[in-house]
Colleague: 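Quick one: this structure, given as C-alpha cells, is what I'll be asking you about.
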2 protein chains.
Amino acid sequence: MRETILLADDHPLFRAALIEAVRRVAPGAEIVEAESLSEARDRLADQSVDLVCLDLHMSDSSGFSGLIELRQSHPGMPVVVISASQSGGAAARALEFGAAGFIPKTASLDTLCMALGAVRDGEIWAPETGDDITDEAAEQAQRLASLTPAQMRVLRGVAAGQLNKQIAFEMDITEATVKAHITAVFRKLGVINRTQASLVAQALEIEPPKSA
Amino acid sequence: MRETILLADDHPLFRAALIEAVRRVAPGAEIVEAESLSEARDRLADQSVDLVCLDLHMSDSSGFSGLIELRQSHPGMPVVVISASQSGGAAARALEFGAAGFIPKTASLDTLCMALGAVRDGEIWAPETGDDITDEAAEQAQRLASLTPAQMRVLRGVAAGQLNKQIAFEMDITEATVKAHITAVFRKLGVINRTQASLVAQALEIEPPKSA
DNA sequence: TCCGGTATCCGCCTAAAGTCTAATGCCAAA
DNA sequence: TTTGGCATTAGACTTTAGGCGGATACCGGA
C-alpha cells in the first residue's frame with residue numbers, strides 16, 4: 001500500500017513548502033491536503049493516512065483541541081504539530097498531547113525535512129534544546145502578579161506615559177514615594193527604565209488608567 | 001540591468017514559496033533574501049533593488065515601521081507587504097504608508113503570482129478593501145510617516161526602551177544629537193516624553209503576540 | 001547662481017528620572 | 001510577645017532626559 005501523508009494547514013503557500021519537503025523525504029508518498037480541521041477529518045474518514053502534519057492555528061480550530069481529537073480518533077497515527085509559535089511551552093504541550101514532533105514555522109526547509117524523516121522512522125522530533133524559548137509572557141505575568149497594589153497603580157501611570165509628578169498627585173503621595181515604588185517595580189519586572197516597564201505592561205494588556 | 005527582487009521574511013519555508021512565485025512571474029529576476037529588517041537594509045545598501053516583498057513580522061521589527069523606513073529611504077521602489085494578518089485594516093494601513101500591494105499569508109500561490117505581476121506592471125494590488133482607516137490612526141500614521149530616517153531610527157530605539165547613550169552608540173552620533181532628534185520626534189508625534197512616544201510607536205505595531 | 005527651508009549635528013542648562021539610605025507601620029511566624 | 005520581613009513613606013543625591021541656541025550641509029526653486 002502506498003504511503004499517504006496529510007497536510008493540514010490553512011496557508012496555501014506554507015502548504016506548498018510542506019509539499020516540497022515531503023517530496024524530498026518521501027518521493028513516492030501520496031499527499032493529501034486540508035485547509036481546515038473539518039476538512040482534515042473528512043480526508044481521514046475517506047482513507048487511511050500514515051502521517052499528519054497539523055497546523056495548530058486554522059480557521060476552525062486554534063489550539064490543541066484538534067491535536068487531541070486526532071490522537072483519540074487515530075491513536076496509532078503519528079501527528080507532527082506545526083505552529084507559528086516558537087515558545088518552548090507550546091512544543092512541550094504538543095508532545096504532552098501525543099504529538100510525534102513539533103516544528104515551528106520559522107524552521108528551515110532542511111530542518112523540516114529532517115523532522116519529517118525522523119518521525120517517519122518512528123522517532124520523536126522536538127526542537128533543539130538550545131532553542132527552547134522560555135515562555136516569556138508567562139514569566140512576566142508572574143512578575144506582574146507579584147506587584148503590590150500601590151506598585152500596580154504606579155505602573156499603570158508609567159505605562160500611560162504620565163510624569164511622576166502626575167502619578168504622585170493622583171495617588172496623593174510624594175513624588176519621592178512614587179520614584180521608590182517605580183524602582184521596586186523595575187526590579188520585579190527586570191527592566192531598567194520606565195519605557196521598558198511600559199512595554200512589559202503593554203504586552204500583557206494591563207488595564208489603562210481611567211481619565212486622560 | 002537585471003531585475004532584482006528582495007524577499008524579506010524570517011520564515012525560510014515561506015521565503016521558499018515566495019521564491020517559487022517570483023520564478024514563475026519573473027523567471028530572469030535576481031532574487032535576494034533577507035531574514036530581518038536590518039539584513040534587508042544591508043541588501044538595499046549593497047545593490048539597487050526593483051521590488052521588495054516585506055514581511056511585517058520579523059525578529060527585529062513587527063509593524064509598519066520597517067515599511068515606513070523603506071518608503072523613506074527608497075521612495076520610488078515598490079514594496080509589497082506580506083503579513084500573517086488578514087484584517088482589512090492592516091491592508092489599508094499598509095497602502096496608506098505607500099505599499100504597492102498587500103498579500104496575506106493565507107493567499108494561494110496563484111494569488112501571489114497575480115499580485116506580484118500586477119505590482120511589477122506598476123499597479124497597486126490589494127485584497128478587497130472593505131475597511132477604512134480611522135481618522136485618528138490616519139493622523140498618527142501621517143505623523144509617523146513625516147519622520148526623517150534618522151528620527152525614525154531614534155524612535156525605534158526609544159520604543160525599544162533603550163537609553164539615549166545606547167542609541168547614540170548604535171547610530172554613531174553624540175548623545176546630544178540623539179536628544180535633538182528625540183525632541184523633534186516628540187513635536188511631530190505630539191507627545192511630551194519618550195514613554196508616550198513609545199506608546200504611539202506601539203500602537204502602529206499590529207497584533208501583539210496574543211499567545212496561545 | 002543665490003537663497004530659504006530643513007536635516008543633521010553638538011554644547012550647555014534645567015527638569016525629570018532613578019538610586020540609596022532610612023524611618024515607620026503592618027502582619028505572620030516563632 | 002517578640003522578631004523578621006515587606007510595604008509604604010520620604011529626603012538627599014546621582015544620572016538621564018529633554019529644551020534651547022547655534023553651526024554645518026544639503027537641496028530645490030527663484
Colleague: Roughly, in whole Å, what's the span from CD in A/Q196 to P in C/dG18?
Modeller: 10 Å
Colleague: Quick check on DNA chain C: between B/N193 and B/D172, whose nearest nucleotide comes earlier from the 5' end?
Modeller: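 Residue closer to the 5' terminus by nearest nucleotide: B/D172.
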Colleague: Can you check side-chain contact (heavy atoms from CB on, under 4.5 Å) on A/E170 and A/Q162, steps first, answer last?
Modeller: CA-CA 11 Å; A/E170 291 181 5; A/Q162 289 181 312; 3.0 Å; yes
Colleague: How large an angle, rounded to 10°, do the end axes of the helix from C/dT1-D/dA30 to C/dA30-D/dT1 enclose when each is built from five base pairs?
Modeller: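 Taking the rotation axis at each end, their angle is 30°.
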Colleague: Where do B/D9 and B/H11 come nearest, in terms of heavy atoms and distance?
Modeller: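 The pair with the smallest heavy-atom distance is OD1-N, 2.9 Å.
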Colleague: Using whole Å, report how far CD1 of A/I167 lies from P of D/dT9.
Modeller: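 Rounded to the whole Å, the gap is 14 Å.
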Colleague: Does a nitrogen or oxygen in the side chain of A/T174 sit under 4.0 Å from OP1 or OP2 of D/dA10?
Modeller: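 Yes, such a contact exists.
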Colleague: Using side-chain contact (heavy atoms from CB on, under 4.5 Å), reason through B/L155 and B/L147 one step at a time and then give a plain yes or no.
Modeller: CA-CA 9 Å; B/L155 176 57; B/L147 295 182; 3.7 Å; yes
Colleague: Quick one: is A/N164 getting a side-chain N or O under 4.0 Å of the C/dA16 phosphate, OP1 or OP2?
Modeller: no
Colleague: What is the distance, to the nearest angstrom, from the CZ atom on B/F169 to the C1' atom on C/dC9?
Modeller: 19 Å
Colleague: Once you round it to whole Å, what is the distance between C1' of C/dA17 and CG of B/L163?
Modeller: 11 Å
Colleague: Under 4.0 Å, heavy atom to any atom of DNA chain D: which of residues 175-184 of chain A qualify?
Modeller: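 Close to the strand are A/A176, A/T177, A/A180, A/H181.
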Colleague: In plain terms, say whether A/R15 and A/E35 are close enough for a salt bridge, that is, a side-chain N and a carboxylate O under 4.0 Å apart.
Modeller: yes
Colleague: Measure across B/I167 and B/V154 and return the closest heavy-atom pair with its distance rounded to 0.1 Å.
Modeller: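 Of all heavy-atom pairs spanning B/I167 and B/V154, the closest is CD1-O, 4.0 Å.
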Colleague: What integer distance in Å separates B/Q151:CD from C/dC9:P?
Modeller: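 From B/Q151 CD to C/dC9 P: 11 Å.
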Colleague: Identify the residue among B/H181, B/K188, B/R156 that makes a side-chain hydrogen bond (donor to acceptor under 3.5 Å, both in side chains) with B/Q151.
Modeller: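 Looking at B/H181, B/K188, B/R156, the match for B/Q151 under the side-chain hydrogen bond (donor to acceptor under 3.5 Å, both in side chains) is B/K188.
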Colleague: Nearest to the side chain of A/R187, heavy atoms from C-beta on, is which of C/dC10, C/dA16, C/dC20?
Modeller: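 Among C/dC10, C/dA16, C/dC20, the one nearest the side chain of A/R187 is C/dC20.
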Colleague: side-chain contact (heavy atoms from CB on, under 4.5 Å) for B/L44 and B/V52? Distances and angles first, verdict last.
Modeller: CA-CA 10 Å; B/L44 287 171; B/V52 174; 4.3 Å; yes
Colleague: Measure CD1/B/I173 against P/C/dA7 and give the value in whole Å, please.
Modeller: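 After rounding, the gap between these two atoms is 15 Å.
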Colleague: Starting from the C-alpha separation in whole Å, work towards a yes-or-no answer on side-chain contact (heavy atoms from CB on, under 4.5 Å) for B/M114 and B/D110.
Modeller: CA-CA 6 Å; B/M114 285 197 300; B/D110 288 340; 5.6 Å; no
Colleague: Could you tell me the separation between the NZ atom of B/K165 and the P atom of D/dA17, rounded to a whole number of Å?
Modeller: 8 Å
Colleague: Between atom OG1 of A/T177 and atom CE of A/M171, what is the distance when rounded to the nearest 0.5 Å?
Modeller: 9.0 Å
Colleague: Rounded to whole angstroms, how far apart are CG on B/L147 and C1' on C/dT6?
Modeller: 14 Å
Colleague: Among the candidates D/dT16, D/dT9, C/dG18, find the nucleotide nearest to the side-chain atoms of A/R194.
Modeller: C/dG18
